[in-house]
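Everything below concerns the one structure shown next.
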Amino acid sequence: EPEVTQTPSHQVTQMGQEVILRCVPISNHLYFYWYRQILGQKVEFLVSFYNNEISEKSEIFDDQFSVERPDGSNFTLKIRSTKLEDSAMYFCASRPRTGGNQPQHFGDGTRLSIL
Amino acid sequence: KNQVEQSPQSLIILEGKNCTLQCNYTVSPFSNLRWYKQDTGRGPVSLTIMTFSENTKSNGRYTATLDADTKQSSLHITASQLSDSASYICVVNSGGYQKVTFGTGTKLQVIP
């Protein structure tokens, strides 16, 4: 069964540095998402992306964050100047088409540790 | 404010026993409700999805119920197995782009 793959599985970065998290969604999917999960807390929505533009974003997704789909397969999340509180698991998800009954398929996440 | 509350926070049961996990939500407008299973260190995996008009949905040993009037859902696991040990997350969707609100999860541990 096709999977959403995320790389790297663990990223350690110095505070203030830029970091790019990468995701390869399932190939025929049209909707893409990023979520984060701070250790011990619930999963939080960051952003949804459709038709090469952001369709919705949360309050967490401020100017430090950006997403893009540079080559039609990868879907990236960039954090420009990382802060300690950005340490979390970041999950990418994708969904095949419009219609509320299609589940989002999640990757296994990238654990981001900011030092 | 949209909220999804789950109970209990954690649960330990013996292998072979049944259990029921609860989810209460205040999300509006309501599109659908999903239950996910999240193994430690892995991403969530969808178990069931229910829209407003559905009040029960099964997936193997997992049966979810939905009462849209009281805004409550439950996930019943029958004949639990050791591999059922995981966090179970209730997720409510609203809006066309699937704006989601996640519950805090119930951490289930099945012991021999």
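Just so you know, these numbers use all the heavy atoms, side chains as well, and skip hydrogens, waters and symmetry mates. So you know, we letter chains A, B, ... as the sequences are listed, proteins then strands, and number each from 1.
Linking Ile, Leu, Val, Met, Phe, Trp and Tyr residues whenever their side-chain heavy atoms come within less than 4.5 Å places B:Trp35 and B:Val92 in a single cluster. A:Val43 is not connected to A:Trp34 by any chain of hydrophobic side-chain contacts under 4.5 Å among Ile, Leu, Val, Met, Phe, Trp and Tyr, and they are in different clusters. One hydrophobic cluster, built from ILVMFWY side chains closer than 4.5 Å, holds both A:Leu21 and A:Ile60. Hydrophobic clustering, with ILVMFWY side chains joined whenever heavy atoms are under 4.5 angstrom apart, keeps A:Val24 apart from A:Phe75. Following chains of ILVMFWY side-chain contacts shorter than 4.5 Å, one cannot reach A:Val47 starting from A:Val4, and the two form parts of different hydrophobic clusters.
Put simply, of A:Gln37, A:Lys42, A:Gln41, A:His105, the one with the most heavy-atom pairs under 4.5 Å next to chain B is A:Lys42.
The parts of B:Thr104 that come within reach of chain A are both its backbone and its side chain, each placing non-hydrogen atoms under 4.5 angstrom from that chain.
Between A:Phe106 and B:Pro44, the closest heavy-atom pair is CB-O, 3.4 Å.
For the pair A:Gln104 and B:Asn93, the minimum side-chain heavy-atom distance is below 4.5 Å.
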Intermediate values then yes/no, ring-ring contact (aromatic ring centres under 6.0 Å, His included), A:Tyr35 and B:Phe102: CA-CA 10 Å; A:Tyr35 298 87; B:Phe102 280 73; 5.2 Å; yes
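The backbone N or O of B:Arg42 lies less than 3.5 Å from no partner atom in the side chain of A:Asp108, so there is not a single donor-acceptor pair.
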